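All remarks here apply to the structure that follows.
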Amino acid sequence: MSSLRIVTWNINSVRLRLPLLTGLIEALRPDVLCLQETKCPDELFPHEGLSALGFEHRAARGMKGYNGVAILSRVPFRVRGDDPDWCARGDCRHIGVDLDVPGGLELHDFYVPAGGDIPDRETNAKFAHKLDFIAEATAWNRARGPVKRSVLVGDLNVAPLEQDVWSHKQLLDVVSHTPVEVAALNGWQQAGGWYDALRHFVPPTEKLYTWWSYRARDWEASNRGRRLDHVWVSQDLAGQLRSFEVHKPARSWIQTSDHVPVMVEVSL
DNA sequence: ATGGTTGCAAGGCAA
């Protein structure tokens, strides 16, 4: 294998949308598929269906009704198991694995708290949780030193750049694009020495979205999107980036997620 | 204008 295709998708219920993965696999041909918001306890995780789709290696960390992440892979991996219990909540927002590829590759799948509606940590505990989570992740990366041969993906629930949202001005006070969240996310990225793989391919002057609300009458016509889903790579992999795709057609699939899958291909 | 939709799981919470 000369390259690895990694896909990340906030699937918003892995059991409900398992049938959609056939189309995702045809379109993006992932070697590794990272999911968020699986909303599925581990004992009910659809291992059989995912095995049938060719993902022989699977790790899931889920709970009843909310959150949940999973890594599904055609190549073997080992669950690292050295990750913290983020914010001491046991709420299933991260898995880290070591992929068994030439040279090795560390992969982290994150689901950052959405943060509720009011961007104020004093009056909104969910916003405080979001900021605390990112602060812990920043400290975690800082303590580990600059990352090497590593990839971090997931729904980070922050759209950091002006062109990551449909209207920078109108979203400045909307959770996901507030200056305090953007500063926190940038601090996390810098603490690990992470490199933004999607903006490697799409200049920061161009709009780029991975999420469109369910609440729009016509999501495509209004196009009020945000880039909430991210792929970060260590600096030593920046030159190894080969291709990417934000699979916008997935937003039109029947009974789909409000997020679309994102693929990045890395040379090994 | 303070909505609008979705999933889980069986009423309201979270997104």
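None of these values were measured; they are calculated from a predicted model. By convention in this document, chain letters (A, B, ...) are assigned in the order of the sequence lines, proteins followed by strands, and residues within each chain are numbered from 1.
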Mutual orientation of the aromatic rings belonging to A:His94 and A:His108 [parallel < 30°, tilted 30-60°, perpendicular > 60°]: parallel
Would you please classify the geometry between the A:Trp194 ring and the A:Trp232 ring as parallel, tilted or perpendicular, with 30° and 60° separating the classes? tilted
DNA chain B: A:Ala216 or A:Ser13, which has the more 5' nearest nucleotide? A:Ala216
Only one of A:Asn10, A:Asn157, A:Thr8, A:Asn12 forms a side chain to side chain donor-acceptor pair (under 3.5 Å) with A:Gln36, so which one is it? A:Thr8
Atom [atom1] of [X] to atom [atom2] of [N]: distance rounded to whole Å?
X	N	atom1	atom2	answer
A:Leu20	B:dT6	CG	C1'	14 Å
A:Arg217	B:dG4	CZ	C1'	8 Å
A:Arg15	B:dA9	CZ	C1'	10 Å
A:Leu16	B:dA9	CG	P	11 Å
A:Arg17	B:dC8	CZ	C1'	11 Å

Check the interface with nucleotides 13-15 of chain B: list each N/O to N/O pair with the protein under 3.5 Å, or write none.
from   : atom 1 : to       : atom 2 : distance (Å)
B:dA15 : N6     : A:Arg215 : NH2    : 2.5
B:dA15 : N1     : A:Arg215 : NH2    : 3.0

Please determine, by modelled atom types, if A:His259 and A:Arg251 share a side-chain donor-acceptor pair under 3.5 angstrom. no
Would you please test A:Arg242 and A:Ser267 for side chain to side chain donor-acceptor pair (under 3.5 Å) and show each step? CA-CA 6 Å; A:Arg242 285 297 169 263; A:Ser267 285; 2.8 Å; yes
Here's a test for you: under salt bridge (charged side-chain N to carboxylate O under 4.0 Å, His left out), which of A:Arg61, A:Arg144, A:Arg93 qualifies with A:Asp83? A:Arg61
[atom1] atoms of [N] and [M], separation to the nearest Å:
N	M	atom1	value
B:dG3	B:dA15	C1'	16 Å
B:dA1	B:dT6	P	26 Å
B:dT2	B:dG7	P	26 Å
B:dA14	B:dA9	P	14 Å

Under 4.0 Å between a side-chain N or O of A:Lys64 and OP1 or OP2 of B:dA9? yes
Does any pair with a residue in residues 42-57 of chain A pass side chain to side chain donor-acceptor pair (under 3.5 Å), and if so which ones, sequence neighbours excluded? A:His47-A:Arg58
